[in-house]
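Each remark here refers to the structure printed beneath this line.
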Amino acid sequence: TDAALALAACRIILDENLHDVQYIIEQTDLPLLIREDSRQFLRESDVIDGGRHECFAWWDARRQEIVWSTSSAGFDKDRRTLKLAPEDRIDLAPRNAHVQLLSGEDVRLRSVFSLLRDTLDAYDTDSASRITGVHPDVIRRFAREFATARSAKIYIGAAAGKILHGELVQRATILLCALTGNNGRIGGGWEVMTF
């Protein structure tokens, strides 16, 4: 039931624009582009002859084009960093993004973020309430307080990963921390409790 609660809270956070966009762009794979034909990350090697297999892409909202993760256009190639240049405007959920592959095929693109939004559509507060027994108003309050706290942390028992689907509970709660930018924040994030 914890996963349902966390995913419903994630949906509320996104629906109410309480997510930390800058953290998501800089610290998660959510803005990376996915090929709709294969559901795999778009790689530079898919598009550019001699391109790198480990080089991924974002969609720049201002230029309406792909920006490669380690290209000279906005990224420090020498340090091999994913840090964005000030002029880059990464679109978390691009519409009508597409690319021509080396094969000549034109492929539509989506971001991991947009796929996440589709997944979270199934986790409304009423459904989560039926699964968890927690009132929808309490779920909404929890989501809003978690997202707007100066620092929020989730403690989870070490045994959670050892039960059936326990890893899904862990992933859902880690997602909650990532969407709100709490991972890496002093006093915030996600921690396994051991006894």
Side-chain angles (χ1 to χ4, degrees), residues 1-36 38-43 53-58 69 80-82 92-93 110-195:
T1 63
D2 291 346
L5 176 68
L7 293 173
C10 288
R11 179 176 171 179
I12 291 163
I13 288 165
L14 293 180
D15 287 348
E16 297 184 8
N17 293 315
L18 299 173
H19 54 292
D20 186 335
V21 174
Q22 198 59 38
Y23 180 89
I24 291 169
I25 288 172
E26 290 182 359
Q27 301 295 324
T28 75
D29 65 355
L30 293 174
L32 295 178
L33 297 175
I34 300 289
R35 296 172 43 167
E36 280 196 1
S38 65
R39 293 290 194 169
Q40 299 292 314
F41 285 112
L42 177 68
R43 298 170 184 273
H53 189 69
E54 71 280 1
C55 183
F56 302 105
W58 293 275
S69 61
R80 315 251 331 139
T81 180
L82 297 178
L92 281 178
R110 294 187 65 189
S111 66
V112 176
F113 183 84
S114 69
L115 295 172
L116 172 66
R117 292 297 311 243
D118 290 351
T119 300
L120 290 178
D121 283 347
Y123 295 93
D124 61 276
T125 51
D126 290 333
S127 298
S129 179
R130 284 191 297 278
I131 293 168
T132 64
V134 177
H135 193 278
D137 290 343
V138 175
I139 296 172
R140 282 188 282 276
R141 180 179 171 195
F142 164 69
R144 291 172 184 144
E145 288 182 5
F146 194 89
T148 58
R150 186 171 50 165
S151 178
K153 185 172 212 151
I154 292 181
Y155 289 97
I156 193 161
K162 298 176 191 246
I163 59 172
L164 181 65
H165 303 303
E167 81 284 1
L168 299 177
V169 173
Q170 291 175 325
R171 289 178 181 195
T173 53
I174 290 169
L175 177 63
L176 184 60
C177 292
L179 290 177
T180 56
N182 277 294
N183 289 330
R185 189 179 291 168
I186 294 174
W190 186 88
E191 187 174 328
V192 175
M193 294 186 312
T194 57
F195 299 100

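Only heavy atoms go into these numbers, but all of them, side chains included; no hydrogens, no water, no symmetry mates. Quick note: residue numbers are just sequence positions, from 1.
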Report task. Take I13 and L176 through the side-chain contact (heavy atoms from CB on, under 4.5 Å) test and state the conclusion after the steps. Result -> CA-CA 9 Å; I13 288 165; L176 184 60; 3.4 Å; yes

Requested in this report: Would you indicate whether the side-chain heavy atoms of V169 and I163 approach each other to under 4.5 Å?
Outcome: no

Report task. Taking the side chain as every heavy atom from C-beta outward, state whether I154 and N182 have any atom pair closer than 4.5 Å. Result -> no

Query raised in the report: Which heavy atom of T173 sits nearest a heavy atom of I156, and at what distance?
Result: OG1-CD1, 4.1 Å

Requested in this report: Please report the closest heavy-atom contact between L30 and S111, naming both atoms and the distance.
Outcome: O-CB, 3.7 Å

Report summary line: Minimal heavy-atom distance between S151 and G188, with the atoms involved, is OG-N, 3.0 Å

Query raised in the report: Side chains of Y23 and T180: closer than 4.5 Å at any heavy-atom pair?
Result: no

Report task. Compare all side-chain heavy atoms of Q27 with those of N183 and state whether any distance is below 4.5 angstrom. Result -> no

Query - Heavy-atom side-chain contact between F113 and L14 under 4.5 Å - result: yes

Query raised in the report: Going by heavy atoms in the side chains, are R185 and D20 under 4.5 Å from each other?
Result: yes

Query raised in the report: How far does CG of L32 sit from CZ of R43, to the nearest 0.5 angstrom?
Result: 10.0 Å

Query - Spatial distance of atom CZ (R140) from atom CG (D15) [nearest 0.5 Å] - result: 11.0 Å

Requested in this report: Could you check S127 against R130 for side-chain hydrogen bond (donor to acceptor under 3.5 Å, both in side chains), going step by step and ending with a plain yes or no?
Outcome: CA-CA 5 Å; S127 298; R130 284 191 297 278; 3.3 Å; yes

Requested in this report: Give the intermediate values and the outcome of side-chain contact (heavy atoms from CB on, under 4.5 Å) for residues L18 and F146.
Outcome: CA-CA 10 Å; L18 299 173; F146 194 89; over 6 Å; no

**Report entry** Closest contact, heavy atoms only, S114 versus A93
**Finding:** CB-CB, 4.3 Å

Query raised in the report: Can you find a pair of side-chain heavy atoms, one from L42 and one from R110, that are under 4.5 Å apart?
Result: no

Report task. Take F41 and D29 through the side-chain contact (heavy atoms from CB on, under 4.5 Å) test and state the conclusion after the steps. Result -> CA-CA 10 Å; F41 285 112; D29 65 355; 3.8 Å; yes

Query raised in the report: Between atom CD1 of I139 and atom OG1 of T132, what is the distance when rounded to the nearest 0.5 Å?
Result: 4.5 Å

Query raised in the report: After noting the C-alpha distance and the side-chain angles of R11 and D124, does the key distance pass the side-chain contact (heavy atoms from CB on, under 4.5 Å) rule?
Result: CA-CA 7 Å; R11 179 176 171 179; D124 61 276; 3.3 Å; yes

**Report entry** Beyond-backbone contact of N17 with H19, side-chain heavy atoms, under 4.5 angstrom
**Finding:** yes

Requested in this report: Count the heavy atoms belonging to other residues, nucleotides or ligands that lie under 6.0 Å from CD1 of I186, then report whether that count exceeds 12.
Outcome: no

Query raised in the report: Which pair of heavy atoms, one from L7 and one from L120, lies closest together, and at what distance?
Result: O-CD2, 3.6 Å

Report summary line: Shortest non-hydrogen pair, W58 vs I25, comes out as NE1-O, 4.4 Å

